Amino acid sequence: MSRFSATVWGARGSIPAPAAANTRFGSDTSCIELRCGERVIFLDAGTGIVPAGRRLYEAKRFCFDILLTHCHFDHIMGLPFLLPLYKDHVTARIFAGHLLDGTTCREMVEGFMCPPYFPVKPKQFAARIDYCDFRPPDTVDLGDGILARTFRLDHPNGAVGYRIDHDGRSFCYITDTEHQPGVIDEALVAFVAGADVMVYDCTYTDDDFARFRGFGHSTWQHGVRLCRAGKVERLVIFHHDVSRTDDWLEALAEEARAEFAGAVVARTGLTLSL
Ligand SMILES: [Zn+2]
Ligand SMILES: [Zn+2]
């Protein structure tokens, strides 16, 4: 097992998609668990973080970081249900840097975990939690030789892309973001250049993209363009629309692989070694 790996716990965008037609790729929203040596880092806290957190706790791992891209529901809705945060021997850090109006990470969490939206407030978390703010393009030093570089993405209310460098390898997590048709964002290419893996917002296809301009999402074909431009080895097609069934995603996997050999469609349970 590599010293650096990534496991998908939720690959859906916008809303969970539990249905008989979605069992192979999974129904949970955005969450990826990185293992960097002994360290555990979650990218986003969608519903996928709930089973991930339970598994981590059962394995008696009591320390982790959460890096949030932004706080749209699909990326945070697992946080109030994250079991380890209710345990007093757990230590966690939660990072956010997307907020455009000066709201802090702590204020953001307090803002959505409060009555009448939710009965439990974050002060009822028993874990020791540090809320950490940054501003892209800050580089966040996570310790133990793990660096999180950050990039501001084009998304309503803001979002942050991450590049995690560890042990000579790079993992990029670029969701949620919208591209301009016919334009390659050279700054984003430079940000992901040479990475081993890039997870990318592939909510739409080039065919249906025109109908969803301004929604803040991108296409798998644009992910391929970025990988080619930045010489990124592997593309993880991510943030599946709720309408995408297993059969649709299987067909997409084949089509994408034919176009770009390093393309893979994210599904719950997929682990990549870097
Ligand atoms: Zn999203
Ligand atoms: Zn979003």
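Start at 1 with the first residue, then count along the sequence. What you see is a predicted model, and the numbers here were worked out from it, not measured in a lab. All ligand and atom numbering here is 1-based and tracks the order in the structure. Keep in mind that the numbers below use all heavy atoms, side chains included, and drop hydrogens, waters and symmetry copies.
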Decide if the gap between the ring center of [X] and the ring center of [Y] is smaller than 6.0 angstrom.
{"X": "His222", "Y": "Phe209", "value": "no"}
{"X": "His72", "Y": "His98", "value": "no"}
{"X": "Phe238", "Y": "Tyr173", "value": "yes"}
{"X": "Phe42", "Y": "Phe64", "value": "yes"}

Q) Is it true that some N/O/S atom of Asp201, main chain or side chain, lies under 2.8 Å from the Zn ion (ligand 1)? A)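 Checking Asp201: none of its N, O or S atoms is under 2.8 Å.
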Q. Does any N, O or S atom of His70, backbone or side chain, fall under 2.8 Å from the Zn ion (ligand 1)?
A.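 No - counting backbone and side chain alike, His70 has no N, O or S atom under 2.8 Å.
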Q.
As a test of reading the structure, name the N/O/S atom of His72 that is nearest the Zn ion (ligand 2).
A.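 Relative to the Zn ion (ligand 2), the closest nitrogen, oxygen or sulfur of His72 carries the name ND1.
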Q.
As a test of reading the structure, name the N/O/S atom of His155 that is nearest the Zn ion (ligand 2).
A.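 Relative to the Zn ion (ligand 2), the closest nitrogen, oxygen or sulfur of His155 carries the name NE2.
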Q) When you draw lines from the Zn ion (ligand 1) to OD2 of Asp176 and to NE2 of His239, what angle lies between them, to the nearest 10°? A)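 With the Zn ion (ligand 1) as the vertex, the angle is close to 90°.
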Q. Do you know which N/O/S atom name in Asp74 is closest to the Zn ion (ligand 1)?
A.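 In Asp74, the N, O or S atom with the shortest distance to the Zn ion (ligand 1) is OD2.
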Q | Contact summary for Cys71 and Leu99, nearest pair of heavy atoms | A |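 Nearest heavy atoms, Cys71 then Leu99: SG-CD2, 4.2 Å.
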